[in-house]
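Encoded as structure tokens, the structure appears first; notes follow it.
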Amino acid sequence: MKILSLLICLILSNQSVNLYSQFTWQQLNGPQGGIVSEIKSNSSGTLFMGSLGGGVFRSTDNGLTWSQKINGFPSPVFDDGTVTLAIANDGDVFASCFNNGVFRSTNNGESWINTNIPNSFITGIVIDQYKRVYAAAGGGGGVFVTTNNGLNWVQKNNGLPESIHIRTICLTAAGELIIGSTSGNNLSIYMSTNYAESWIPGTQVNTYPDHIVSYGSYIFSASHGLGVFRSTNSGANWIPVNSGLTNNKINRLFINNSQILAASDSGVFRSTNYGNNWVKIGFNYNRITEVNITPSGVILAAVTAEGIFRSSNNGLNWVSSSAGFNCSGIASVSVSGSNLFAGTAYNGLLRSTDNGNSWLKLSGGFKGSSCELIFTAPGNVLLAQSDSGFFRSTNNGSNWQMLMSGYISFNNIVSNQSGMLFASGSYPSFGVWKSTNNGLNWDMTDPNFMSSVYSLCVTPNGNLFAGTAGGGVYRSINNGTNWLQAHPYASVVSLTAAPNGYVYGCFNSVSGGQNGIYRSTNYGVSWSIVGLPNTDYFYVKSNSAGHIFAGGFYGSGVFRSTNNGLNWFEVNSGIYNKMITAVHFDNAGFGYAGTHFGGLYKTNISTIGLISISTEVPDEFSLSQNYPNPFNPVTNIEFVLPEKSFVRLAVFDITGRTVEILVKEELSAGTYKADWNAANYSSGIYFYRLETDNFSETKKMILVR
């Protein structure tokens with residue numbers, strides 16, 4: 001029996017073991033910014049901030065820096081986030097999450113406990129001096145009250161219409177409660193003077209308040225598209241106070257003594273005479289979602305997508321103050337050499353040259369508030385689609401040429417083995433487009449193929465596949481000159497081709513079948529579902545090792561298959577926001593996951609898979625010559641470790657600049673192999689260097705294109 005066991009161990013030790021399971025995701029330091037829902041301060045000046053997709057953040061330095069506080073706080077689902085915050089006199093913090101109710105922290109946000117409120121969609125929370133917590137529901141539940149920190153909640157809707165949708169709740173200095181609603185016989189305001197035991201209607205009609213605040217005997221309502229209203233008699237009567245407001249879409253209000261700030265769709269306004277007159281104090285063309293004055297007098301303004309800005313001189317000057325708030329909405333990701341590009345949903349296109357630590361917003365001719373597509377073409381040429389047009393850069397994004405204005409809208413770009421580019425188009429640029437000069441000019445591949453095309457992929461043998469809206473998959477074997485329908489009647493939102501020629505797609509709205517990940521093993525002749533049935537996954541991507549990754553937008557995160565789609569495993573370690581909007585792999589196999597206002601993540605090691613060739617302990621360190629050499633575009637590098645070591649294996653160009661890091665992790669003793677895919681690099685001499693605590697060696701290799 002012992003001999004058999006030893007034999008089995010010996011056999012296993014001589015097999016190649018793939019270490020792909022070791023990677024986790026790490027959030028990058030930016031692009032900074034995001035969407036802020038609310039900012040509140042406790043009595044000691046600590047700030048708490050709710051965000052759309054990043055949970056709760058805290059600042060202890062007056063808003064200079066922020067740290068994410070999500071221990072026990074739920075991950076967001078579709079369009080989810082922290083809606084509202086409230087802080088009790090004893091320091092307890094209450095925060096609501098769109099689809100997960102109200103959570104409470106007793107330790108300054110370090111951890112959170114679910115209070116299990118019966119209605120999940122809470123739009124406002126206020127707390128009175130007796131620590132009665134009032135939670136207003138936007139989903140038809142009305143008002144809930146707890147007197148024991150959320151252990152029990154009681155519904156208090158006496159006098160309120162059925163299925164009332166509450167947008168905001170306010171607690172006045174006199175202890176009166178005021179709610180603003182969007183339903184109930186056209187009345188917008190309801191009031192309670194007896195701790196929510198009963199409600200009476202106010203006189204404000206058809207105004208639908210977005211936010212209500214009070215100070216002393218003054219109550220102010222930011223009404224949807226109608227500016228600011230004021231009441232001086234506990235909400236019984238209201239008058240508009242809009243003199244000086246150049247934009248009546250007011251999103252939030254903040255009042256401190258006689259100073260009132262209004263966050264509008266075009267900047268911040270201030271009134272020092274209780275709303276009689278307003279003056280703009282910043283951000284001419286920016287949508288502001290929240291304003292706040294800290295106890296020390298610093299003004300904070302949340303700019304949509306761009307994050308927090310701070311003024312310490314009463315609004316005269318503003319500086320970005322989003323350090324630590326890395327919750328941009330990521331729409332697209334690409335890597336070009338040592339440059340990392342992130343296209344955002346509302347903040348344009350940004351570039352990092354230091355692995356995501358710092359970011360620069362690109363201009364130089366690039367226009368657009370969103371960047372839905374960023375693609376690295378051969379020769380490190382960049383192509384980008386924004387809401388203003390289609391752009392091209394030949395110098396890593398420093399300068400851009402607009403190729404086509406808004407009448408062209410590309411969703412996806414792929415390249416075949418010969419460098420020909422193909423782009424998928426939907427309204428108004430239907431069909432598949434082709435470029436033979438690296439994206440400078442584009443023509444339709446087939447004028448008769450006028451489908452709305454969501455996605456493209458190219459197999460190693462040159463077959464081109466197009467995923468359409470409702471028409472399934474089409475295939476071309478002649479670079480798009482002709483198209484043949486390969487799978488009818490489904491919306492195919494994403495396609496990818498594995499190195500072995502298998503094609504995978506995210507199929508939705510499948511006629512007579514299940515939604516899920518479909519696969520074709522015969523170049524599109526037939527398709528079958530292989531995983532994640534009846535789920536809406538929108539991104540499917542193969543790395544160069546043939547591992548298939550699927551990203552879901554509705555909070556499911558990332559799944560991976562290492563056996564051609566037969567089995568799928570969740571790979572979300574390290575990701576808080578699992579609403580995936582983009583999946584990308586660089587040449588070294590590092591993965592990038594963009595999220596819906598949850599920032600950008602990168603794997604800590606390559607997903608390609610460092611191969612353990614043998615676990616037999618060798619006598620000494622060694623680094624082998626790469627094979628093949630010369631190579632195009634993939635080569636293998638083997639190395640030997642006689643002891644457990646932290647290993648760094650990097651590739652350098654002729655100038656000594658690091659172009660790829662293939663391995664950066666602790667490994668046990670043994671023999672390993674790593675691959676380098678140099679598809680995006682030019683011909684020439686490169687060097688690779690192995691470094692451990694006790695060994696280092698460098699060798700030369702030649703890339704021939």
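With hydrogens and angles left out, the side-chain atoms of Thr607 and Asn543 include a donor and acceptor closer than 3.5 Å. Of the N and O atoms on the side chains of Thr304 and Glu306, not one donor lies less than 3.5 Å from an acceptor on the other residue. Neither side chain, Asn412 nor Tyr454, offers a donor N or O lying under 3.5 Å from an acceptor on the other. In the model, Ser409 has no side-chain atom that pairs as donor or acceptor with a side-chain atom of Asn411 under 3.5 Å. Side chains of Asp210 and Asn251: no donor on one and acceptor on the other come within 3.5 Å. Residues Thr106 and Asp92 bring no donor and acceptor atom of their side chains to less than 3.5 Å of each other. In this structure, a donor-acceptor pair under 3.5 Å is present between the side chains of Asp387 and Ser369. Side chains of Thr353 and Asn339: no donor on one and acceptor on the other come within 3.5 Å.
When each of Phe559, Trp568, Phe569, Phe585 is paired with Phe549, the ring pair (Phe, Tyr, Trp, His ring centres under 6.0 Å) condition holds for Phe585 and for no other. Phe325 pairs with exactly one of Trp66, Phe309, Phe57 by the ring pair (Phe, Tyr, Trp, His ring centres under 6.0 Å) rule, that one being Phe57.
Between Ser336 and Leu382 there is a side-chain heavy-atom pair separated by less than 4.5 Å. No side-chain heavy atom of Val133 sits under 4.5 Å from any side-chain heavy atom of Asn149. At a threshold of 4.5 Å between non-hydrogen side-chain atoms, the residues Ile293 and Val298 do not count as touching. Side-chain contact between Glu372 and Ser332: absent, with no pair of heavy atoms (C-beta onward) separated by less than 4.5 Å. Residues Thr344 and Ser370 have side chains not in contact (no heavy-atom distance under 4.5 Å, counting atoms from C-beta outward). Side-chain contact check for Asn62 versus Arg310: some heavy-atom pair is nearer than 4.5 Å.
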* In sequence, state the C-alpha distance, the side-chain angles, and the governing distance for Trp400 and Phe366, and then conclude on ring-ring contact (aromatic ring centres under 6.0 Å, His included). => CA-CA 6 Å; Trp400 295 85; Phe366 182 85; 5.4 Å; yes
* Take Val268 and Asn286, measure what side-chain contact (heavy atoms from CB on, under 4.5 Å) needs, and give me the verdict at the end. => CA-CA 9 Å; Val268 178; Asn286 301 90; over 6 Å; no
* Asked: Are Trp153 and Val145 close enough, and set up right, to give a side-chain contact (heavy atoms from CB on, under 4.5 Å), and what steps lead you there?
  -> CA-CA 5 Å; Trp153 293 87; Val145 182; 5.7 Å; no
* Determine, stepwise, if the pair Trp112 / Phe103 fulfils ring-ring contact (aromatic ring centres under 6.0 Å, His included). => CA-CA 6 Å; Trp112 298 89; Phe103 288 74; 7.6 Å; no
* Verdict with supporting geometry, Asp586 and Tyr592, side-chain contact (heavy atoms from CB on, under 4.5 Å) -> CA-CA 8 Å; Asp586 62 22; Tyr592 300 82; 3.2 Å; yes
* **Chi angles and distances behind the side-chain contact (heavy atoms from CB on, under 4.5 Å) call for Ile299, Trp318** => CA-CA 9 Å; Ile299 303 176; Trp318 297 85; 3.4 Å; yes
* **From CA spacing to verdict: ring-ring contact (aromatic ring centres under 6.0 Å, His included), Phe73, Tyr576** => CA-CA 10 Å; Phe73 203 78; Tyr576 169 68; 7.5 Å; no
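Remark: the backbone N or O of Val36 is paired with a side-chain donor or acceptor of Thr289 at under 3.5 angstrom. Side-chain N or O atoms of Gln514 include none that pairs as donor or acceptor with a backbone N or O of Leu532 at under 3.5 Å. Using a distance-only test at 3.5 Å, with no hydrogens or angles considered, no donor-acceptor pair links the side chain of Asn508 to the main chain of Ser491. Side-chain atoms of Thr168 do not come within 3.5 Å of backbone N or O of Gly180 as any donor-acceptor pair. Ser328 contributes a side-chain N or O that, together with a main-chain N or O of Gln32, makes up a donor-acceptor pair within less than 3.5 Å. Using modelled atom types, one side-chain atom of Ser561 and one backbone atom of Asn567 make a donor-acceptor pair closer than 3.5 Å. A donor-acceptor pair under 3.5 Å links the side-chain atoms of Lys578 to the main chain of Ile575, judged by distance alone. A donor-acceptor contact shorter than 3.5 Å is absent between the side chain of Ser452 and the backbone of Ala469. A donor-acceptor pair is defined here as one N or O able to donate and one able to accept, closer than 3.5 Å; such a pair exists between the side chain of Thr115 and the backbone of Val102. Under the 3.5 Å distance criterion, the side-chain polar atoms of Asn107 are matched with a main-chain donor or acceptor of Ser111.
The minimum heavy-atom distance between Pro76 and Met579, with the atom names listed, is CB-CE, 3.8 Å. Closest of all the heavy-atom pairs between Ala342 and Ile330 is CB-CD1, 4.4 Å. Heavy-atom minimum distance, Ala582 versus Val333: CB-CG2, 4.3 Å. Contact between Leu64 and Ser59 at its shortest, heavy atoms only, is N-OG, 3.9 Å. Scanning both residues, Leu28 and Asn355, for their nearest heavy atoms gives CD2-O, 3.7 Å. Across every non-hydrogen atom of Ala302 and Ile308, the tightest pair is CB-CD1, 4.0 Å.
The pair Glu570-Arg560 fails the salt-bridge criterion, with no side-chain N (NZ, NE, NH1 or NH2) lying under 4.0 Å from an Asp/Glu carboxylate O.
Taking the ring centroids of Phe390 and Phe410, they lie under the 6.0 Å cut-off. Under the 6.0 Å cut-off for aromatic ring centres, Tyr601 and Trp25 do not qualify, their centroids lying 6.0 Å or more apart. Ring-centre distance between Phe553 and Tyr539: not below the 6.0 Å cut-off.
For the atom pair Leu300 CG and Ser321 OG, the distance stands at 6.5 Å (nearest 0.5 Å). Rounding to the nearest 0.5 Å places NE2 of His165 at 9.5 Å from OG of Ser181. Thr84 contributes atom OG1, which lies 3.5 Å from atom CD of Glu38 (distance to the nearest 0.5 angstrom). Distance check: Asn292 CG to Leu261 CG gives 8.5 Å after rounding to the nearest 0.5 Å. Atom CD1 of Ile374 sits about 8.0 Å away from atom OG of Ser393, to the nearest 0.5 Å. Rounded to the nearest 0.5 angstrom, Leu349 CG and Phe341 CZ are separated by 7.0 Å.
Environment of NZ in Lys249: crowded, with over 12 heavy atoms of neighbouring residues, nucleotides or ligands closer than 6.0 Å. For Lys664, the NZ atom counts as loosely surrounded, since its 6.0 Å shell holds 12 or fewer non-hydrogen atoms of other residues, nucleotides or ligands.
Classification of the Phe597-Tyr346 ring pair by plane angle, with boundaries at 30° and 60°, yields parallel.
By the 6.0 Å and 45° rule, Lys602 stacks over the aromatic ring of Phe590.
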